[in-house]
Visitor: 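My structure is below; once you've seen it, I'll send some questions.
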There are 2 protein chains.
Amino acid sequence: MHSPELLKGTLQTIVLKVLKDHGRMYGYEITQRVKELSDDRIFLTEGALYPTLHKLEAEGMLKTETVNIGKRVRKYYVLTPEGKSLVKERVAEFADFIKTMANVLQVQLG
Amino acid sequence: MHSPELLKGTLQTIVLKVLKDHGRMYGYEITQRVKELSDDRIFLTEGALYPTLHKLEAEGMLKTETVNIGKRVRKYYVLTPEGKSLVKERVAEFADFIKTMANVLQVQLG
DNA sequence: TCTAATGCATAAGACTGTTATGTATTAGGC
DNA sequence: GCCTAATACATAACAGTCTTATGCATTAGA
C-alpha cells in the first residue's frame, strides 16, 4: 500500500463510484470489491466505511434495504438520483485533481 | 479549486518535487510557483507550508540558507542528497496511487 | 498615506481516517 | 465437536494533516 494519507478525501468518491458501477451493495462487499479493484492496495477500514455510508445516507445520496441472510443482517446500499449526480461531480473533481497534480509534479499520466 | 481534502498527504510531495525542479527556493516563492503550475487551483497555505519545510529540514531532507534582501529575510531551501532520494520515492508513490485510483474509479488517465 | 503584496512563523481548531473494541453468525480445518 | 478465520454490522478514542486565525515586519504601488 501507498501512504494512507493519500487516500484521505477519496473515500466518498470511491464508495459512490463503486456503488454506481456495481449497483446494490452492502458494506463488507464494498471493502472486498475495492480490495480487488485496487489489486490489494486499498483496504477500506470499517471505522471509516460505515460512518461514511451513514453520512451519505443521511444526506440522501444513498438509500438502504436491510435483508436477512439466515440469522445475519445485511444492509444494502443503492444510489439515489442525487447520489448519481454526486458521483459524477466527485469523479470529475478527482480527474481534475490528478491532472493538476500531474502538471505540478511534471509526471506523465497513463 | 477542487475539494481541498484531496490535497491531504500530497503537500510534502509537492514541495519536494518543486524544489527538485526549480532548485533553491524560499517559502513564499514555492507557494507562488505551485499556484502557477496548478493554474490557480492549488494554494499552499502558510500554516501548512512552513511546518512542512521545518519538518523536512529537521529530518535532513532540506538544508537552508538565510539571505537578507534589504531589511527583509529570506530562507532558501535546497534538497540534500537524502531529500533527492525522497523525491523519487514520493513521486513514484503518487504515480502508483493515481494508477490504482484510476482502476478503482474506472477513469482514463491522460 | 494607506493597502496589498511580500515574507516569516506559530497556535487553536476542524476534519478524516486509524486503531481498538464490541457483538454476532457462518464456514472450514482438524 | 472445537476452534479459528471470515463475514457483517457498529461506535468511540485517538492521531495526523491541514485550515483558519493571529502576529510581526518590510516593500511596492495607488
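In what follows, every chain begins at residue 1, and chains take the letters A, B, ... in the order their sequences are listed.
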Visitor: What does the B/S/- profile of nucleotides 24-30 of chain D look like, 5' to 3', with a 4.0 Å heavy-atom cutoff to protein?
Guide: --BS---
Visitor: Which one of A:Lys55, A:Lys84, A:Glu82 satisfies the side-chain contact (heavy atoms from CB on, under 4.5 Å) criterion with A:Met61?
Guide: A:Glu82
Visitor: Please determine if a side-chain N or O atom of B:Tyr26 lies less than 4.0 Å away from the OP1 or OP2 oxygen of C:dG7.
Guide: yes
Visitor: Please report, rounded to the nearest Å, how far the P atom of C:dT16 is from the CD1 atom of A:Ile14.
Guide: 15 Å
Visitor: Just the rounded figure in Å: distance from C1' of D:dC9 to CD1 of A:Ile30.
Guide: 13 Å
Visitor: Looking at every non-hydrogen atom in both residues, tell me the closest pair between B:Ser38 and A:Thr100 and how far apart they are.
Guide: CB-CG2, 3.5 Å
Visitor: What's the CG-P distance between B:Leu53 and C:dG7, to the nearest Å?
Guide: 15 Å
Visitor: A:Leu79 and side-chain contact (heavy atoms from CB on, under 4.5 Å): which single residue from A:Lys63, A:Arg24, A:Lys20 fits?
Guide: A:Lys20
Visitor: Under the criterion side-chain contact (heavy atoms from CB on, under 4.5 Å), I'd like the reasoning laid out for A:Leu62 against A:Val78: C-alpha separation, chi angles, the key distance, then a yes or no.
Guide: CA-CA 5 Å; A:Leu62 303 177; A:Val78 191; over 6 Å; no
Visitor: Once you round it to whole Å, what is the distance between C1' of C:dG7 and CG of B:Asn68?
Guide: 12 Å
Visitor: Grab the CD-C1' distance between A:Glu29 and D:dA6 for me, whole Å please.
Guide: 15 Å
Visitor: Between B:Arg33 and B:Asp21 (salt bridge meaning N to carboxylate O under 4.0 Å), is one present in this structure?
Guide: no
Visitor: Please name the residue in the list A:Glu65, A:Lys75, A:Arg74 that meets the side-chain contact (heavy atoms from CB on, under 4.5 Å) test with A:Tyr26.
Guide: A:Arg74
Visitor: Can you check whether A:Ile14 reaches A:Leu37 side chain to side chain, under 4.5 Å on heavy atoms?
Guide: no
Visitor: Which heavy atom of A:Met25 sits nearest to which heavy atom of A:His22, and what is that distance?
Guide: SD-CB, 3.6 Å
Visitor: Is there a side-chain contact between B:Val91 and A:Val107 in this structure, where contact means two heavy atoms from C-beta onward sitting under 4.5 Å apart?
Guide: yes
Visitor: Between D:dA8 atom P and A:Tyr76 atom OH, what is the distance in whole Å?
Guide: 8 Å
Visitor: Specify the separation, in whole Å, of atom CG of A:Leu44 and atom C1' of C:dT18.
Guide: 13 Å
Visitor: Whole Å only: how far is the CD1 atom of A:Ile42 from the C1' atom of C:dG17?
Guide: 14 Å
Visitor: Any chance you could list the contact pattern along nucleotides 11-18 of chain D? Use B for base contacts, S for sugar-phosphate-only contacts and - for none, protein heavy atoms under 4.0 Å, 5' to 3'.
Guide: BB---BBS
Visitor: If you assign B:Gln32 and B:Lys75 each to the DNA chain C nucleotide with the nearest heavy atom, which residue ends up on the more 5' nucleotide?
Guide: B:Gln32
